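In what follows, every chain begins at residue 1, and chains take the letters A, B, ... in the order their sequences are listed. Values in this document were obtained by computation on a predicted structure and should not be read as measured data.
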There are 2 protein chains.
Amino acid sequence: MQDSHTSESTQKTIEETIVSGILSAKIRPGTRLSENQLAALFSVSRTRVREAMMRLETRGIVHVSPRRGWFVVEPSGEEAIAVYEARRVIEAGLLRSMRVLTDEGREALGAHLNEEKSAMAAGDRQRLTYLMGDFHIRIAELSGNAIIVDILRDLTARTILISMLYQSEFHAAQSHDGHCRIFEAMQAGDFVRAAELSIEHLDEVETGLDLTTRPDPLSELRSSLSLPPKTVSSAPTVRPQKPQIQRSN
Amino acid sequence: MQDSHTSESTQKTIEETIVSGILSAKIRPGTRLSENQLAALFSVSRTRVREAMMRLETRGIVHVSPRRGWFVVEPSGEEAIAVYEARRVIEAGLLRSMRVLTDEGREALGAHLNEEKSAMAAGDRQRLTYLMGDFHIRIAELSGNAIIVDILRDLTARTILISMLYQSEFHAAQSHDGHCRIFEAMQAGDFVRAAELSIEHLDEVETGLDLTTRPDPLSELRSSLSLPPKTVSSAPTVRPQKPQIQRSN
DNA sequence: CTTTCCTGTCTTGTATGCAAGATAGCCACA
DNA sequence: TGTGGCTATCTTGCATACAAGACAGGAAAG
């Protein structure tokens, strides 16, 4: 487990627990995160929970609806596109900047791909989701640049939320193939090719999304009434929260 | 002024004030940011100041030394290298992903370069520092991708802190030339060339730094005593804070 | 003169209390 | 049946109080 910003024992725990919950697809987009519940769960006061939420908010993972609550973000279609675009830019830029694949690197990625394969064989979908995202983080770790690792980790978390919202079926085999091809290019020392493959791979995944569905159930009604399409990054605006199961303390 | 995450009136003010203070080189690295002082300055309680600090910390702008205080980060030599590397990766990736330069884009960049020129003529160094950083943010804005804009804004802020620490002289003319060349390539529609120029430009700036000096005045002593080189991203460790002028409430 | 220790005062860390918006459920009423 | 409005209770927003570590300065001892 890389660190990049270790230290602070209890504090980061809430934050990291939530992020890793998302990375392993155990927390769905739109999930309500009650300050009181989290405080009770982690045996701390709301103060510290709030700090964690603030941090997660600046990381684009969580969102607050004033006096209504904190929610795991539900990226809109436009935001989803922006996330994939950002990933293409950064991941391709990263691969292009690489010059060598070290022995450790080759071993790490190879081991990872084997894990993907065995998770596919076992049909363990949650684990698979985690591994599919983690592959890209692993590549970033090869660069040794903690800044890029952190950025990509957060983007990967958002990607997973996006696929939980918009992905109709899970083309695990296709993704795995994409990863393998990238790895092969890297082994061949052809990082330009690896960058291109990485872009294609992300395009494939993005194409597999159906961005016309879910997150704004009123979109059809809204457009038939010809109201403004939707507030993109601006905040309040009612945004009808889909009924959550959780029921507060 | 782009927005990307507008809304929240008072709250973001503290955060944005500090960031823009850094972007315009009015706040030096290592500056102490007392919760009490900021609270008084903005007429709010420490609670809200703390929230702003937490956010800035996750953005890599600010750093807390437990029970000692908040400080604007003083990037180490390694961190400085990582910041430049991350910028090369992202900015080159971004330019490579571009396909067209719109008329508005050409106009915006052209106007910006004129501003650079006039600031150089006027010898307004603070303004020049701001503009030199802002050029890169402007390019990101052309992409219309708010995620990348935010990332690059924060990296630019760090870059400015780095140059305040390590830059012996300010080669404004050289930087300006670099910007002009990038702009020309973009106008010619040659974004691959623009990406290459962007990398060269960042290399130039990075080369102009003297990473052997400042931020850890004890480094020579430390190495002559053969102590561990320095805690990189881990926290406490005494790290003798250089005497600050400010004196608290 | 140097060293050690002690104490006052600064800082942040954390919990708690109160204010106020948002919502759901109910009741009255048409 | 449907509609409007009231109220009880949830939520977060924000300020404040207190705890506890860090540090500086001075006094006392060597």
How close or far is atom [atom2] of [N] from atom [atom1] of [X], stated in whole angstroms?
X        : N       : atom1 : atom2 : answer
Met54(B) : dT12(C) : CE    : P     : 11 Å
Leu38(A) : dT11(D) : CG    : P     : 12 Å
Arg68(A) : dA22(C) : CZ    : P     : 9 Å
Gln37(B) : dC10(C) : CD    : P     : 12 Å
Trp70(B) : dC10(C) : CH2   : C1'   : 17 Å
Phe71(A) : dT11(D) : CZ    : P     : 11 Å
Glu51(B) : dT12(D) : CD    : P     : 13 Å

Phosphate contact (dT14(C) OP1 or OP2) by Arg48(A) side-chain N/O below 4.0 Å
yes
Under 4.0 angstrom between Asn36(A) side-chain N/O and dC10(D) OP1 or OP2:
no
Using the test side-chain contact (heavy atoms from CB on, under 4.5 Å), find all partners of Ala92(B) that sit at least two apart in sequence or belong to another chain.
Ala195(B), Ile199(B)
side-chain contact (heavy atoms from CB on, under 4.5 Å) involving Arg67(B) - partner list, sequence neighbours excluded:
none
Residues 154-165 of chain B vs salt bridge (charged side-chain N to carboxylate O under 4.0 Å, His left out), sequence neighbours excluded, gives Arg59(B)-Asp154(B)
Distances under 3.5 Å between nitrogen or oxygen atoms of protein and nucleotides 16-20 of chain D:
{"unit_1": "dT16(D)", "atom_1": "O4", "unit_2": "Thr47(B)", "atom_2": "OG1", "d": "3.3"}
{"unit_1": "dA20(D)", "atom_1": "N3", "unit_2": "Arg67(B)", "atom_2": "NH1", "d": "3.4"}

Residues forming a ring-ring contact (aromatic ring centres under 6.0 Å, His included) with His112(B), sequence neighbours excluded
Phe135(B)
Distance in Å, Leu33(A) CG paired with Leu41(A) CG, rounded so as to fall on 0.5 Å steps:
11.0 Å
Show me the pairs that pass ring pair (Phe, Tyr, Trp, His ring centres under 6.0 Å) and involve residues 14-38 of chain B, at least two apart or across chains.
none
